[in-house]
Amino acid sequence: MEFVAIDFETTGYENGGTNEPWQLGIAVVDGIKIVETREFFFDVEGAPERAHEADALGTLQSSFETWAPQLLGHRLVAHNIACERTILTRTAPLTKWGPWVDTMKLAKARYPRLPSYALGDLCEMFGLVPQMEGRTWHDGLYDAVACANLANFLSI
């Protein structure tokens with residue numbers, strides 16, 4: 001099965017600011033293998049330093065033509081899809097995104113009595129933690145790869 005696992009990292013709502021995406025991680029899966037990974041950084045106020053480097057794009061909206069083709073026309077997988085779906089819908093409300101698969105809902109359906117359904121906890125429970133040098137949880141690319149691993153494990 002082919003799908004694209006995605007994860008956004010955002011600035012949050014601290015200090016009354018807007019919750020703006022500053023990183024998008026993408027893991028493309030064909031069969032059960034991750035065949036490509038990509039990440040995009042968006043130069044927005046309140047983002048970490050790496051989002052302000054020379055290769056950062058503008059805002060999510062202003063760089064739509066650069067990152068959107070990676071997602072359009074594909075099955076989109078995310079862990080607790082509300083954040084990712086909201087960001088994409090807010091950015092391009094008339095665009096058809098998905099179909100969507102939520103790995104958190106899938107895990108709850110398959111394993112209804114687990115102590116936690118957080119992405120990191122599920123990956124640790126099932127031995128799916130990605131090994132990516134210099135990266136860890138709450139990095140868009142790392143979390144997208146973890147989500148892809150979990151989706152494959154749950155056999156979406």
Side-chain angles (χ1 to χ4, degrees), residues 1-13 19-42 44 47-48 50-51 53 55-57 60 63-93 95-156:
M1 173 175 301
E2 183 186 23
F3 64 88
V4 178
I6 65 171
D7 185 78
F8 281 104
E9 294 301 320
T10 66
T11 58
Y13 290 106
N19 188 29
E20 295 298 325
W22 62 268
Q23 183 188 22
L24 169 60
I26 297 172
V28 179
V29 176
D30 189 5
I32 60 167
K33 184 177 179 186
I34 296 174
V35 295
E36 181 183 357
T37 59
R38 304 244 4 231
E39 71 182 324
F40 298 96
F41 291 98
F42 308 101
V44 295
R50 64 183 174 168
E53 293 179 8
D55 63 344
L57 304 172
L60 190 69
S63 60
F64 183 85
E65 293 81 18
T66 303
W67 58 265
Q70 308 293 314
L71 309 184
L72 291 169
H74 296 284
R75 177 186 310 255
L76 299 178
V77 176
H79 193 75
N80 194 8
I81 64 172
C83 176
E84 281 69 24
R85 188 168 48 197
T86 298
I87 289 170
L88 291 175
T89 302
R90 184 181 70 191
T91 302
T95 302
K96 169 105 171 81
W97 301 104
W100 288 90
V101 175
D102 187 336
T103 53
M104 185 169 75
K105 285 184 180 177
L106 229 92
K108 285 181 177 183
R110 299 250 167 92
Y111 301 95
R113 291 181 181 81
L114 294 178
S116 170
Y117 292 94
L119 178 61
D121 293 341
L122 289 169
C123 287
E124 287 183 25
M125 279 184 251
F126 299 128
L128 305 170
V129 176
Q131 300 302 310
M132 299 173 70
E133 189 172 330
R135 295 184 186 256
T136 191
W137 303 110
H138 304 294
D139 171 281
L141 182 59
Y142 188 90
D143 290 356
V145 169
C147 183
N149 290 345
L150 181 60
N152 278 332
F153 176 79
L154 296 170
S155 301
I156 63 164

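Note that these values count all heavy atoms, side chains included, but never hydrogens, waters or copies made by symmetry.
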Do you know which two heavy atoms are closest between [X] and [Y], and how far apart they sit?
X	Y	value
Thr11	Ala47	CG2-N, 3.8 Å
Ala56	Ala51	CB-O, 2.9 Å
Asp121	Ser116	OD2-OG, 2.5 Å
Ala27	Ala144	CB-O, 3.8 Å
Gly31	Asn152	O-OD1, 3.8 Å

- Give a yes or no on whether the backbone of Asn80 and the side-chain of Asp102 come within a donor-acceptor separation of less than 3.5 Å. yes
- Query: Between the main-chain N or O of Trp137 and the side-chain N or O of Asp143, is there a donor-acceptor pair closer than 3.5 Å?
  - Reply: no
- residues 78-90 vs salt bridge (Lys or Arg N to Asp or Glu O under 4.0 Å), sequence neighbours excluded, gives none
Heavy atoms, side chains only, cut-off 4.5 Å: are [X] and [Y] in contact?
X	Y	result
Phe42	Leu24	yes
Gln70	Val4	no
Trp67	Leu60	yes
Val145	Asp7	no
Thr66	Phe40	yes
Thr95	Leu88	no
Leu122	Leu128	no

- Task: Go through the steps for Asp139 and Arg50 under the test side-chain contact (heavy atoms from CB on, under 4.5 Å), then give the verdict.
- Result: CA-CA 11 Å; Asp139 171 281; Arg50 64 183 174 168; 3.1 Å; yes
- Message: The criterion is salt bridge (Lys or Arg N to Asp or Glu O under 4.0 Å); which residues satisfy it with Glu20, sequence neighbours excluded?
- Response: none
